[in-house]
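In what follows, chains carry the letters A, B, and so on, assigned in the order in which the sequence lines appear, proteins first and then strands, with residues in each chain numbered from 1. What you are looking at is a predicted structure, and each value in this text was computed from that prediction instead of being measured.
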There are 2 protein chains.
Amino acid sequence: MPEALDENQALATYAQALSHPVRLAIIRRLAEQSVCFHGNMAAVLPVAPSTLSQHLKVLKDAGLIKGEIDPPRVRYCLNTAKIKEIKELFDIFLEYALQGGVENC
Amino acid sequence: MPEALDENQALATYAQALSHPVRLAIIRRLAEQSVCFHGNMAAVLPVAPSTLSQHLKVLKDAGLIKGEIDPPRVRYCLNTAKIKEIKELFDIFLEYALQGGVENC
DNA sequence: TTTATTGTTCGTATTTTTGCGAATAAGATT
DNA sequence: AATCTTATTCGCAAAAATACGAACAATAAA
């Protein structure tokens, strides 16, 4: 692994998307498929509707979720392909971090 | 996985630590064991020494790295146990996110 | 003891993130 | 057409993250 600067940037972006408890909670909800609608999540998560929309936007911009209009509601779901990709990236990165195996201090 | 709010908080904290390219670069360097000293990294990374110290502090506070004084320098290295733990956490979380397997939209 | 070397901490400025209510949009319902 | 439901965008405020130079330790070397 020479430098991987682009990969660092991509990883940082995904880590950013995962760096808020509410966003992680959203992902869990969507994984359970119990609630997929904004209003549904708003009822459970401790944030205002507008705040929830912002978090959904962050996840959407990062590609982790998709949204589909199902009038008058919006159904959200996970982008499993992307999440698989992210899982790979994190796995490879963290494995690389461990590979040396030597504790210098 | 009922709610796992604490786990969300822990995950979010680790994700936060990993959400900056320079911090990821630091981790890669330490994994390579090629450079373990502040000055050494400062020469390679595109940030001022004081900024580097801040990033090192973030990583240290999150538990990902350890620092040991080796006068007049400070030797840094990865906390492999913690990184292993983080790898587990991310792996479990992302696997859980994929487990449903159904694309609703 | 003076002087270098190495890093950190402090003070500050800038940018980004987070959060919320109000206003808005878009479509269904009456 | 008027209204209701649902969710987003806007405007703003507060908090956190980022970055840097200057000032400050702490130790080694002269």
From [atom1] of [X] over to [atom2] of [N], roughly how many Å is that when rounded to an integer?
X: A/N40; N: D/dA7; atom1: CG; atom2: P; answer: 8 Å
X: A/Y76; N: D/dT6; atom1: OH; atom2: C1'; answer: 11 Å
X: A/I69; N: C/dG27; atom1: CD1; atom2: P; answer: 7 Å
X: B/L56; N: C/dT8; atom1: CG; atom2: P; answer: 6 Å
X: B/K60; N: C/dG7; atom1: NZ; atom2: C1'; answer: 11 Å
X: A/D70; N: D/dT8; atom1: CG; atom2: C1'; answer: 16 Å
X: A/L52; N: C/dG19; atom1: CG; atom2: P; answer: 11 Å
X: B/L59; N: D/dA17; atom1: CG; atom2: C1'; answer: 14 Å

Exercise. Considering only heavy atoms and no angle criterion, is a donor-acceptor pair shorter than 3.5 Å present between the side chain of A/S50 and the base of C/dG21?
Worked result: yes
Could you check which of [options] has an atom nearest any side-chain atom of [X]?
X: B/P71; options: D/dA28, C/dT18, D/dT8; result: D/dA28
X: B/T51; options: D/dT6, D/dA7, D/dA19; result: D/dA19
X: B/Q54; options: D/dT8, C/dG11, C/dT8; result: C/dG11
X: A/H38; options: D/dT18, D/dT8, D/dT27; result: D/dT8
X: A/V74; options: C/dT18, D/dT8, C/dT8; result: D/dT8
X: B/P49; options: C/dT8, C/dT18, D/dT18; result: C/dT8

Problem set entry | Smallest separation among heavy atoms of B/I65 and B/L56, with atom names |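 Distance-wise, the nearest heavy atoms are CD1-O, 3.6 Å.
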Exercise. Between B/K87 and A/L94, which heavy-atom pair has the shortest distance, and what is it?
Worked result: CA-CD1, 3.6 Å
Exercise. Do the side chain of B/N8 and the main chain of A/L24 share a donor and acceptor less than 3.5 angstrom apart?
Worked result: no
Problem set entry | Earlier contact from the 5' end, DNA chain C, for A/P46 and B/S53 | B/S53
Problem set entry | Single-linkage hydrophobic cluster B/I27~A/Y14, side-chain heavy atoms < 4.5 angstrom |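 Same cluster: B/I27 reaches A/Y14 through Ile, Leu, Val, Met, Phe, Trp or Tyr contacts under 4.5 Å.
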Exercise. Is it true that B/L18 and B/I83 fall in one hydrophobic cluster, defined by side-chain heavy atoms closer than 4.5 Å?
Worked result: yes
For this session: Please check the phosphate of D/dA19 (OP1 and OP2 only) for any side-chain N or O of B/H55 closer than 4.0 Å.
Result: yes
Exercise. Does a nitrogen or oxygen in the side chain of A/R73 sit under 4.0 Å from OP1 or OP2 of C/dG27?
Worked result: no
Exercise. In terms of the nearest nucleotide of DNA chain D, which residue is placed more toward the 5' end: B/P72 or B/Q16?
Worked result: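 First, find each residue's nearest nucleotide; the 5'-ward one identifies B/Q16.
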For this session: Have a look at B/V58 and say if it touches a base, only the backbone sugar-phosphate, or nothing, with a 4.0 Å heavy-atom cut-off.
Result: nothing
